[in-house]
Student: 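The structure under discussion is supplied below as structure tokens; questions concerning it will follow.
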Amino acid sequence: MKPYLPLATYSSLLVLAFIKPDMSQTIATIAFYMALGQAVNIFVGLTGYVNFGYAAFLAMGAYGLGVAIAYMPQLGVWTLPVGLLLGMALAGGLALAIGAVALRLRSAYFAIATIGINEALKDLIIGAGIWGGSSGLVLGYNMFQEYGRDTALFLSTVGSTVLILATGFLAVVATYLLQSKEAGYALAAIRQDEDAAKVMGINPTKYKLLAFTLSSIFSALLGSAVFPLAATQVFPDTAFKVDYILDGLAVMFLGGAGTVTGAIAGGLLYVPLRLFVGQFFPNYQSLVTPLLVLLLVLFAPRGIIGELRTRLPLKLRDWVP
Amino acid sequence: MIVIGTPAAISGRYSTEGQYILWGAMAAVNWINDHGGINCGGKMVKVRLIYRDSQSNAQLAASIAESLITQDHVNFLLSPYGSDLAIAVSPVAEKYGVLMAVVGASSDRIFQQGFKYVIGVASPASHYFWSVLDMVRSIDPSAKTVAILYSDDEFDRYVASGAKTHAQQLGFQVVVYDPYPPTTQDVTSQVLDVKNAHPDIILVAAHYADGQLVTQTLYQQNVTAKLIALTVAPLVPDYYKALGTLAECIVGPSHWEPGVNYSPELAKQKGIDWFGPTRDEFINYFEQVAKQMSGKTVEPGYEAGWAAEGVLVLLYGVQKAGSVDPNLVRQALANSDFMTFFGEFKMNATNGLNVAHSMVVTQWQGGQRVVIWPSSAAQSKPFYPSLTWSQKAAGQLCKP
Amino acid sequence: MIDLIPYFLNGLIVGSIYGLIAIGLSFIFGILRIINVAHGSFVMLGAYTAYFFFVLWAYPPLLSIFAGLFFGMLMGLALYYAIIKPLSKIGELHVLVALFALGSLIAEIARIVWGPDVVGFTWNVGSVAVSGYVIQFSQLAGAAAALSIALLLQLMLYRTNFGRSIRAVVQDPVGAQMVGIDVDRVFALSTAIGIGLTTAGGVLLTLFIPVGINPYMGDPYTLMAFVIAVMGGLESTMGAYIAGLIFGEILSLGYPLFSRLGFAGPYQMSLFIGFVILILFLLFRPTGLFRS
Amino acid sequence: MKLLVVENVTKKFGGLVALNGVSFEVDRGEFVAIVGPNGSGKTTLLNVINGVYKPDGGRVLFEGRDITNLPAYARAKLGMSRAFQVPRPFPELTVLENVIVGAVFNGGYDLHKAREVAREVVDYVGLGRRANELAGRLTFNELRLLELARALAGRPKLLMLDEVMAGLNPGEIDNMTKLIRKIVEEKGISALSLVEHRMKAVVQLAHRVVVMHQGRVIAEGPPNIALNNPVVVEIYLGKPWR
Amino acid sequence: MALRVEELSSGYGKVQVLFDISLEANDKSITALIGPNGAGKTTTLLSIMGVVKPWRGRITFNGNDVTYMPPHKKVELGIVLVPEGRRLFPNMTVEENLIMGAYIKRARQHLHDSLDYVYTLFPRLKERRKQKAGTLSGGEQQMLAIARALMSRPSLLLVDEPSAGLAPKVVSELLETFKQIKENITIVLVEQNVSAALAVADTGYVLENGKIVLSGPAADLLESDHVKKAYLGV
Ligand SMILES: Nc1ncnc2c1ncn2[C@@H]1O[C@H](COP(=O)(O)OP(=O)(O)OP(=O)(O)O)[C@@H](O)[C@H]1O
Ligand SMILES: Nc1ncnc2c1ncn2[C@@H]1O[C@H](COP(=O)(O)OP(=O)(O)OP(=O)(O)O)[C@@H](O)[C@H]1O
Ligand SMILES: CC(C)C[C@H](N)C(=O)O
Ligand SMILES: [Mg+2]
Ligand SMILES: [Mg+2]
């Protein structure tokens, strides 16, 4: 596979965001859905498991940075890198912990387990009142104090857009590395026949865990970018909102599950589609995502890029990974 | 042309209240335009309101606000209904330096972030039950215990904690202080806690649906008290329709009632400016807008008045500053004291809150919601202590 | 010292409805091996059925339960033929994702058709006070109806020919075909029954939620049904019913407990315990409480 | 040192004793066939050896190392390969890719080397022409060959053939027999085989036969001798072998 | 003529497996269908049974057109298949499996007679009637599969590779049983064990690459060069 097309897309969006700052908001939105699709694809597309509790990892990223900003004011500007790392560590750690045990389950059980974990974490945060409990973290004041008003506002606008684009970019690189190494073969084998893969010397849990953890870490970055950084707030009800997985699946299936370019094509179509419906049929906007996912799964499970790839000659297929 | 944008919550959880908010704002804009617009530095300028549905969704509200600013280049923002939505939108206003009037939302936290471009036009959530407690204190010195139930959301948390502190200051003992999740469908456990404690007063910090649920459950479990008060729910006309005579005696604090009388004369008496429509003009304009938008005849409630107040405050600021520059407008507002049909406006320059606003207490009496406190504004006397549930179920009315 | 008896009684009454709601989920899983992640939306449709029958024709939920069952079964049939059957050939992932999307879609359509407002009604047929807890006769009847439905279902599975054919299909669908069982029909009818039970559960649920019927009310019930069904053993319908009672107690007794322990969100802490139980069961005892 | 030593292995299913103190050994380069009537415990034994089941008693030693508690994939890494009775290829990978998976994860080759090895093995079993075909499109017979190639690419020291003759007709059995003999002889691999009651193949392939009955080994030795043991004839074959 | 298959084509998805196959099975006879792996023998049986939908052609049973009839209807008509892999209900006991075999109405009335009949055919099953089917050995499972099929009182029995996985001694016993069964029931037998199959069969068909290449009385086929070379390894 050749990752140049997707990498070039993210890079040019970054350039565009700087040349045309008034479009940066739109670019951030599109990039968010692309990167979301990318992160979801790394796990769902490559392993065939669904993580309905996906939002928990966005939330870990959100809380990682949020907690740093809210509770470590002495770090000043350093709350940003520390918070990002903290978010990734929380998400990665959670993924490892859940994955090591739950990835042995059949996919239907796994799906329930992840929904349960998402809910359990949310309930724990609210119920035990940790990290702000149900009040969430409202960070505007702290950010002004720690970064200075102008820097805070800059990070919140441009900074978050850059972080989202970088996440998408890194996710492509990661998928590329994953696919072109042994892990790519292992994951393909596991997806098709897990028992046979086992006797061939593949440890399925290890590779599923790898994909799961990677996907989670990218989700954490997205969570950090969107909630504490851009919105300057983290609330349990929004950060743990189950619906994100539906958006991610919509983008992934629209473009093509298991492909890298798919999430990009998916994001480029999904956002305008939602905007269009929101503009002209506002009452019907919330129908778009579920309806789209349902129709895609029923009638075009391969998605745009998936279909395109089956039609391309082998040589070109490598360029549209 | 002055453009005000709002990510209105016209569908979803807050749709009922959100629509009143929108229509109230529209009524104010229509009145201004019918009266020639706003005098901005000597020029009469018309006003336009742009709204987009945020579906009662906080994140969507924030991103709509962002696009109202970057795409539609609005001059001002009006917050959507609901504190959770408003608090999500406030950083957007701040990031882009666009002045936002907060209406239909009053969580104290909105005003504690040190934001320069967010201003509040009514009392903060923590004050909601103050007047109710003050009232009880003054009519029944023997009342001792208070039970507080609250929906665990941005608004009601502050209502509850404000009520708790104030109650303790007044010498009440708070015997129950229980949260329930905002979207819950069963509050039996919480109500059983209240029943256990036999309080004199029950205060419920709620929105509409959950408020009705708590009322029903109090009735089902036969939990009586000398006074039962709820935020939001009893102020919605549907509350009485749904509960019938069970709603009798129920008390609700309100920002504004059509029965409250602020007038140009009163302003003159106080020696301050009067701005915008009179009460009757507003009711008129509102009913027209509501009819046009929904085909129904709707009487404006406090949300509608509040929203109109938001628009009027911004425009008063423009008129006074002679400019639409947000910094100048804010400064102008910080130095003003004026009155509208909604009441008086005087801004705390640090947190942007209106300090001149006061709330009234209403009670359902014989199928009518009447103002019972403060006595200066009262349409009727408080009915106290309340009838029991079985008396109400039998059709007795709380007519003093 | 607080008196826990009222909370306990409340847990039993509410728990029986939770049980009924979870039965539909385990029934479908036991037979088709599909986890109906759209479950809650059908609960919601059941609740609206009860609501409209009550406000339009004053039918109490105990009567509209038949309507709920009927509508649910029709929808179950449609669900089977439109989604489950075609997608099972492609794979489990696709069925799961499609159902998940469907759940959301049903809720959104309900919002467009019935509006976003919360509605409700009260069917008042008197009550009796038992040591500090007032039991509504309507709720007692609801709980009794739930128990009867659970028992009837069990009888159906083990005493009727259709029940036997279901069990055969579960063990080997091809083998079942070979003895003359119309497997497709068994799958379709089982989906219909499963969804029918779920909507019927939604109908009875309205006896417990005087206000609270709204398009998005289903989601928490999906989650609760997962916990309950897994605790009871995903394939055991009677297990689900009993686990429903237990779950009702966890929520009902958990509240006063956690609230007195000073937790910020006693209700969420009880739910948290529920989900911890879910995860523990999935990992260590996926067959549930009642099977070795 | 013996390659594989099975020591006194016992396996129970509830009340049923499927293996009852089974012991035997496999030398390097030796082809051992396990035969016996239905239900005598052959499949169970193979499953204990490759780690699908843990025995209730006894040990399994591979190259002198106790592997009784090792999981299946770890055994594969040590050099035990299993060819499935019902071939289970990865249908959406090509023949070559299927074999590469074997070479990487079982054989421990790096990805580059694995490609070469895979190519070689695919040619070796006679699937060269079909190397770039999706495995899902192969015929049953070809799948068996793929199964063998995949196992071979894993550089096995011990090849476990689980009824690889099942469902092949006499002509195909002959070809398969030749291929397996070639593998054992040329590559010096040991083989442990369940030959699915095909006595002709057993006789042609096996150096030694282990006969099981009711969870025990009841006879052991060169095919012609073991298969003519009167007890074996009585309980298993029905009539003497030749 | 109990069963007549005319120009049957069939396959999976887009892949055609059978190409215009025609064959017949006489009343109370054994018809053997032999051929190499992947030739389409199983597909032929599955298409006759209706588990795989025929693409073209005609299948008649006792004169009725049953081409597109679903499997459960065919069982009611008296056609039954003992599939590859046996397909028992593993968590039910031997006897419960047999009772399920008599699921259809017509058979349920004769449940007790049928049980007696299969227990005399396979005494081994009577010994194990309380055992779970999943724990039976391969040979016992095969017996149970055949017995369960007989419970539906078929007049046409389709059997797919009954000898697969059976010890040599059991195979010869089983084939003897078929001769017994044939007295009442028409049998179509798919077998790898060509010599044994042709030895008990009356008629035989050779299927290669989805086409019938040879057919005739079983004894003649046993003698034919093609069969000898390709299937008997002589
Ligand atoms: N998972 C299990 N649970 C219970 N009993 C089992 C299980 N697996 C095998 N058995 C029993 O153990 C005994 C040995 O079975 P095994 O499959 O090893 O026999 P086999 O020698 O391979 O027979 P065949 O030649 O028929 O395949 C049989 O009686 C079988 O019924
Ligand atoms: N479910 C299926 N999907 C796609 N192709 C199939 C399927 N089942 C069988 N085939 C293909 O159809 C062809 C004929 O298969 P079939 O099972 O009928 O052969 P057979 O003669 O019974 O062989 P065997 O002796 O191995 O049982 C083979 O090429 C096989 O790969
Ligand atoms: C009184 C209400 C209009 C307040 C509003 N519900 C809020 O969330 O702040
Ligand atoms: Mg075996
Ligand atoms: Mg076959």
Student: Flag the one option from A:Gly129, A:Ala120, A:Ala250 with the top tally of heavy-atom pairs under 4.5 Å to chain C.
Tutor: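 Sorted descending by pairs with chain C, the first entry is A:Ala120.
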Student: Counting only non-hydrogen atoms closer than 4.5 Å, does C:Ile109 touch chain A with its backbone (N, CA, C, O), its side chain (CB onward), both, or neither?
Tutor: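 Contact with chain A is through both the backbone and side chain of C:Ile109.
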Student: Would you please test C:Leu93 and A:Val44 for side chain to side chain contact (heavy atoms under 4.5 Å, CB included) and show each step?
Tutor: CA-CA 9 Å; C:Leu93 171 74; A:Val44 179; 4.0 Å; yes
Student: Surrounding OH of A:Tyr284 (heavy atoms of other residues, nucleotides or ligands, distance under 6.0 Å), is the total greater than 12?
Tutor: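 Not more than 12 within 6.0 Å, no.
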Student: To check you understand the geometry: which heavy-atom pair defines the closest contact between A:Val297 and C:His94, and what is its length?
Tutor: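 For A:Val297 and C:His94, the tightest heavy-atom pair comes out as CG1-O, 3.5 Å.
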Student: Under a 4.5 Å heavy-atom cut-off, does chain C meet the side chain of A:Tyr49, its backbone, both or neither?
Tutor: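 Only the backbone of A:Tyr49 comes within 4.5 Å of chain C.
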Student: What's the separation between atom CG in A:Asp123 and atom CD in C:Gln268, rounded to the nearest 0.5 Å?
Tutor: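 CD of C:Gln268 is found 5.5 Å from CG of A:Asp123.
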Student: Give, as side chain, backbone, both or neither, the part of C:Ala107 having an atom under 4.5 angstrom from any heavy atom of chain A.
Tutor: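 Answer is neither: C:Ala107 stays 4.5 Å or more from chain A.
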Student: Less than 4.5 Å apart, any side-chain heavy atom of A:Pro290 and any of C:Leu102?
Tutor: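 Result no, sub-4.5 Å side-chain heavy-atom pair not found.
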Student: Please step through side chain to side chain contact (heavy atoms under 4.5 Å, CB included) for the pair A:Leu246 and C:Ser104, ending with a clear verdict.
Tutor: CA-CA 9 Å; A:Leu246 206 52; C:Ser104 203; 3.6 Å; yes
Student: Hey, are the side chains of A:Val50 and C:Phe100 touching, using non-hydrogen atoms and a 4.5 Å cut-off?
Tutor: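 With C-beta onward as the side chain, the pair stays apart.
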Student: Quick check for you: among A:Leu294, A:Leu295, A:Val293, A:Leu296, which has the greatest number of heavy-atom pairs under 4.5 Å with chain C?
Tutor: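 Most heavy-atom pairs within the cutoff with chain C belong to A:Leu294.
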Student: Is any side-chain heavy atom of A:Leu105 less than 4.5 Å from a side-chain heavy atom of C:Leu283?
Tutor: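 Yes, at least one pair of side-chain atoms sits under 4.5 Å.
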Student: For the atom pair CG (C:Leu282) and CZ (A:Arg104), what is the distance rounded to the nearest 0.5 Å?
Tutor: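 The CG atom of C:Leu282 sits 14.5 Å away from the CZ atom of A:Arg104.
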Student: Please flag which part of A:Ala111 lies under 4.5 Å from any non-hydrogen atom of chain C: side chain, backbone, both or neither.
Tutor: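 Side chain only.
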Student: For a quick test of reading the model, state the closest non-hydrogen atom pair linking A:Glu119 to C:Leu223 and the distance between them.
Tutor: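 Reported closest heavy-atom pair: CG-CD1, 3.1 Å.
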Student: Counting only heavy atoms closer than 4.5 Å, note whether A:Leu298 contacts chain C via side chain, backbone, both or neither.
Tutor: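 Contact with chain C involves both backbone and side-chain atoms of A:Leu298.
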Student: Can you tell if the side chain of A:Leu124 reaches within under 4.5 Å of the side chain of C:Met269, non-hydrogen atoms only?
Tutor: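 Side-chain contact under 4.5 Å: yes.
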Student: Is C:Val230 in contact with chain A via its backbone, its side chain, both, or neither, using a 4.5 Å heavy-atom distance?
Tutor: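 Side chain only.
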Student: With a 4.5 Å cut-off on side-chain heavy atoms, are C:Phe275 and A:Asn118 touching?
Tutor: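 No, every pair of side-chain atoms sits at 4.5 Å or beyond.
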Student: Please find out if less than 6.0 Å separates the ring center of A:Tyr109 from that of C:Phe29.
Tutor: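 Under 6.0 Å, so yes.
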Student: For C:Leu87, is it the side chain, the backbone, both, or neither that has a heavy atom closer than 4.5 Å to a heavy atom of chain A?
Tutor: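 Contact with chain A involves the side chain of C:Leu87 alone.
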Student: For A:Ser286, is it the side chain, the backbone, both or neither that has a heavy atom under 4.5 Å from a heavy atom of chain C?
Tutor: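 It is both, since atoms from each part get that close.
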Student: I need the residue from A:Ile112, A:Val242, A:Ile115 with the largest number of non-hydrogen atom pairs under 4.5 Å to chain C.
Tutor: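 Heavy-atom pair counts peak at A:Ile112.
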Student: Relative to chain A, which segment of C:Ile279 carries a heavy atom at a distance below 4.5 Å: side chain, backbone, both, or neither?
Tutor: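 The side chain, not the backbone.
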Student: Tell me, side chain or backbone of C:Val37 under 4.5 Å from chain A's heavy atoms, or both, or neither?
Tutor: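 Side chain only.
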Student: Within this structure, what is the CG-CG distance for the pair C:Leu96 and A:Leu249, rounded to the nearest 0.5 Å?
Tutor: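 Those atoms lie 10.5 Å apart.
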